[in-house]
Amino acid sequence: LVTRAFHTFTPSVVMLRTVLAFALVAAASAFSATPALAGLRAKAPACNVQMQADGVSRRDFFKNAAAFGIAAAPVIAGAEVEYPNVPYLGGGDQIDVNNANIRVYTKLPGMYPNIAGQIVKNGPFKSVDEIYNIKTLSAEQKAILKKYEGNLVALDVAPEYREDVFNNGLYR
């Protein structure tokens, strides 16, 4: 995912940041001393084993880890959470030839599996016209491709989607 320093935040991103901040504060407060519970502590330790090494206690370690998590939260929450071209991955009428999974081509009769396989195998493409340069496409396959040319677009490659063009992990 891409992290941007200056990004306009939608209400869902603001909510995510708020929830994340509260979760981190709650985790940090779990390891701090609470005055209300001070009377419940045992006067003598249950065992004589000390859980410290080199002067760093478990409580101090978790406090520092929680502080680091709180400091890192704005960077994590600022990550891009939505890919703007999701409709081209199979949810709309047009298919992105560079990022869409091979199974999306089942929407276009005659394209799946042979032509679709050639498209995802030989991509990415700068334009839809480059698909016709695939040497293994027959004249008949190029005619089918021409029929659906208006349904195909060549958008910029998104690595997180490009790696799943053959297998998106969905099984029946």
Output, in order, the C-alpha distance, side-chain angles, deciding distance and verdict of side chain to side chain contact (heavy atoms under 4.5 Å, CB included) for Glu149 and Tyr132.
CA-CA 10 Å; Glu149 190 175 40; Tyr132 294 102; 3.3 Å; yes
Give the cluster check for [X] versus [Y]: same hydrophobic cluster or not, with ILVMFWY residues linked at side-chain heavy-atom distances below 4.5 Å.
| X | Y | value |
| --- | --- | --- |
| Met111 | Val128 | yes |
| Tyr112 | Leu152 | yes |
| Ile144 | Ile102 | yes |

Neighbour count above 12 (heavy atom, 6.0 Å) for Tyr105 OH:
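Yes, OH of Tyr105 has more than 12 neighbouring heavy atoms, counting only those of other groups under 6.0 Å.
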When you look at CG of Asp156, are more than 12 heavy atoms from neighbouring residues, nucleotides or ligands closer to it than 6.0 Å?
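Check fails, neighbour count at 12 or below.
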Do Leu145 and Leu137 make a side-chain contact, defined as non-hydrogen atoms from C-beta onward lying under 4.5 Å apart?
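A side-chain contact exists here, since the closest heavy-atom pair is under 4.5 Å.
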Using side-chain heavy atoms (C-beta onward) and a distance below 4.5 Å, is Lys107 in contact with Asp93?
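They are not in contact (no side-chain heavy atoms under 4.5 Å apart), so the answer is no.
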Mark yes or no for whether Lys147, through its side chain, and Lys142, through its backbone, hold a donor-acceptor pair below 3.5 Å.
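No, Lys147 side chain to Lys142 backbone: no donor-acceptor pair under 3.5 Å.
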Is the backbone of Ala158 close enough, under 3.5 Å, to the side chain of Asn99 for a donor and an acceptor to pair up by distance?
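Yes.
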Donor-acceptor list for residues 116-125 side chains, cut-off 3.5 Å, not counting sequence neighbours:
{"residue": "Gln118", "atom": "OE1", "partner": "Asn122", "partner atom": "ND2", "Å": "3.3"}
{"residue": "Gln118", "atom": "OE1", "partner": "Thr136", "partner atom": "OG1", "Å": "2.5"}
{"residue": "Asn122", "atom": "ND2", "partner": "Gln118", "partner atom": "O", "Å": "2.8"}

Taking all atoms of both residues into account, what is the closest heavy-atom pair of [X] and [Y], and its distance?
| X | Y | value |
| --- | --- | --- |
| Val157 | Asn98 | CG2-CB, 4.1 Å |
| Asp96 | Leu155 | OD1-N, 3.1 Å |
| Ile95 | Ala100 | CG2-CB, 3.6 Å |
| Val86 | Tyr161 | CG2-OH, 4.4 Å |

Rounded at 0.5 Å granularity, tell me how far CD1 in Ile131 sits from NZ in Lys146.
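With rounding to 0.5 Å, CD1 (Ile131) is 11.5 Å from NZ (Lys146).
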